[in-house]
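So the structure is just underneath, and the comments pick up after that.
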Amino acid sequence: MASSCRHLILDKATKRGLDLLRKDISNQNYSEISQTQKRILILVIVILTLIPVFFMHIDVFFSGDELITYSTSNNDQAGFIFSDARVSKYMKEYVFTGNASENISNLMATVQDVLKNKRNSKLFSAARDPEVKLFSHEEMVDWFAKRPDERFNYGSTFIYTWGDDGQSWMYYSLINTSASIFLPISDTKWAGFIVNYLFFILTIIALWNLGKIIGNSEKENFIILTCFCLWTETTHTVTNMRSYGVAGFFATLLVIMAVRIFKSVMTEECIKKSDLIRFVIVYAFGYVTHYTIGAILAMLGLTLVVFMLIQKKKHVGSVVVTGIVALLSGFVLAPDSVADLLTEYSNKGASDMPIEVLVVMIPSVIAFVALIVYAVKKREALTDPFYYCGVAMLLEFMMIMYGTNRVGYSRISYPVFLLLVVSALFRL
């Protein structure tokens, strides 16, 4: 009898121990990594960040767009009013023709024409002068190299960004700053690379934080960062002296700010005013770097408002007002980009889509439909920050594809897209 009771007690204890062990195992996250593994992976990421440095070392030629970047940033002799380029010539011949009142009237008429006719307006239809010729070294060197008396001439850079290129002044001012600090390399691509590489590192940090916010493990985040560093598009962006890499950092940061607001709303917490203010500030910096961030703002805001209305959440008014303030802040800080924003999103439609756009548009539509079906089946998806990001960024991507018929215009969203695609594979 005593032996039977002893066995019974042992059996219960064993069963209880197994239950506790099973519960303990289920609560552990085996996707996390040890400190030693983490240090090794960090070292791997650091080594991978040197890939753009290698390619920058062998990249000695300026592309046409890079010539525009350096001339806009460093050239103190030409620009919006002072060059013979298309926009400047049109302004001198058709806008600034008389006294102040006539000039204002002509300018307003030009703006109305651009808003109404977009790319078919008189401004954009004006013919270019025959500017192509061979330039001597003496003629060209002052376009890119800064003299000591030209350092930090942000006023000239701001004015010149109103010329033919149409992109805003933030990136050019950063190149101006780098070239002014490092005068000996001001006429080389290394001056711009310093800016691009700094924001490349900042984007890596931002992607890590965004991955944590949407629920990725450390191992998953390391895999995402490895893919990002090895991606040829990343290397191209870092070594290309254009604003996409810098704008990509601000776009990633804007998504982080939006997700923080989203999580506050979905957990019925009060939205912090500091988060709303940071959202506006990040968007403003992003917009004065590249105006296509306006599409990201629109889709993040629209998706959030729809999710809030479906679930009858509070603070819809605060979210809408924050979005409007952010939008207006961009217009105020970079009025030259408004025309580009309106003309590029000209709703060209599906009939004019080139084949390379259709190739990426079709799977995007399929993925978006799949997300909607998933939400219908599992309503809790509407509170998942990963799902919110996926819907918003797919909408932004399709908006740009349909409105511009150009894949490259979504380039500032690429870091976030990569994170979402790889994260989706982990969730299958």
Side-chain angles (χ1 to χ4, degrees), residues 49-85 87-88 131-203 234-250 285-286 288-290 333-334 336-337 411-412:
T49 61
L50 299 178
I51 293 175
V53 179
F54 168 76
F55 282 98
M56 188 68 243
H57 181 69
I58 62 176
D59 184 6
V60 296
F61 297 102
F62 284 89
S63 67
D65 282 346
E66 289 173 330
L67 293 177
I68 293 175
T69 295
Y70 273 75
S71 182
T72 304
S73 304
N74 294 349
N75 189 356
D76 203 30
Q77 305 300 319
F80 168 50
I81 297 297
F82 313 104
S83 73
D84 293 324
V87 173
S88 304
E131 299 168 330
V132 178
K133 69 171 187 176
L134 292 175
F135 293 93
S136 67
H137 176 267
E138 290 72 22
E139 289 177 294
M140 293 182 61
V141 68
D142 198 47
W143 295 354
F144 313 120
K146 273 193 175 295
R147 299 189 303 267
D149 61 334
E150 293 177 341
R151 299 170 68 200
F152 308 110
N153 54 338
Y154 299 115
S156 298
T157 299
F158 179 78
I159 292 174
Y160 299 164
T161 56
W162 286 61
D164 286 283
D165 189 42
Q167 295 189 27
S168 197
W169 50 267
M170 180 69 174
Y171 183 67
Y172 300 125
S173 298
L174 290 171
I175 300 291
N176 187 328
T177 302
S178 177
S180 297
I181 295 172
F182 306 103
L183 281 177
I185 61 170
S186 63
D187 60 340
T188 72
K189 294 182 70 170
W190 287 101
F193 180 77
I194 290 172
V195 173
N196 288 2
Y197 191 80
L198 172 62
F199 280 87
F200 166 53
I201 300 301
L202 291 176
T203 302
T234 300
T235 299
H236 171 70
T237 301
V238 180
T239 57
N240 184 32
M241 303 307 117
R242 300 298 283 162
S243 62
Y244 299 111
V246 177
F249 163 71
F250 287 117
F285 274 107
V288 298
T289 305
H290 202 282
L333 293 172
D336 56 305
S337 293
R411 190 173 295 163
I412 70 170

d(Y244 OH, Y171 OH) to nearest 0.5 Å is 11.0 Å
When every non-hydrogen atom of F199 is compared with those of F249, the smallest separation belongs to CD2-CD2, 3.6 Å
Can you confirm whether or not the ring centre of Y172 sits under 6.0 Å from the ring centre of W169?
no
Q. Any ion pair linking K189 and E66 (charged N to carboxylate O, less than 4.0 Å)?
A. yes
Side chain to side chain donor-acceptor pair (under 3.5 Å), that's the test. Do R411 and T237 meet it? Break it down for me.
CA-CA 9 Å; R411 190 173 295 163; T237 301; 5.4 Å; no
Does CZ in F55 sit with more than 12 non-hydrogen atoms of other residues, nucleotides or ligands closer than 6.0 Å? no
T234 meets the side chain to side chain donor-acceptor pair (under 3.5 Å) criterion, sequence neighbours left out, with none
Residue set satisfying side chain to side chain donor-acceptor pair (under 3.5 Å) with S178, at least two apart, ordered chain then number -> none
Check: Y197 side chain to T49 main-chain N or O, any donor-acceptor pair under 3.5 Å?
Finding: yes
Sorted by chain and number, sequence neighbours left out, side chain to side chain donor-acceptor pair (under 3.5 Å) with S186 holds for none
* Asked: Do the side-chain N and O atoms of S180 and N176 include a donor-acceptor pair separated by under 3.5 angstrom?
  -> yes
The residue among L174, L198, I175, T203 that forms side chain to side chain contact (heavy atoms under 4.5 Å, CB included) with V246 is L174
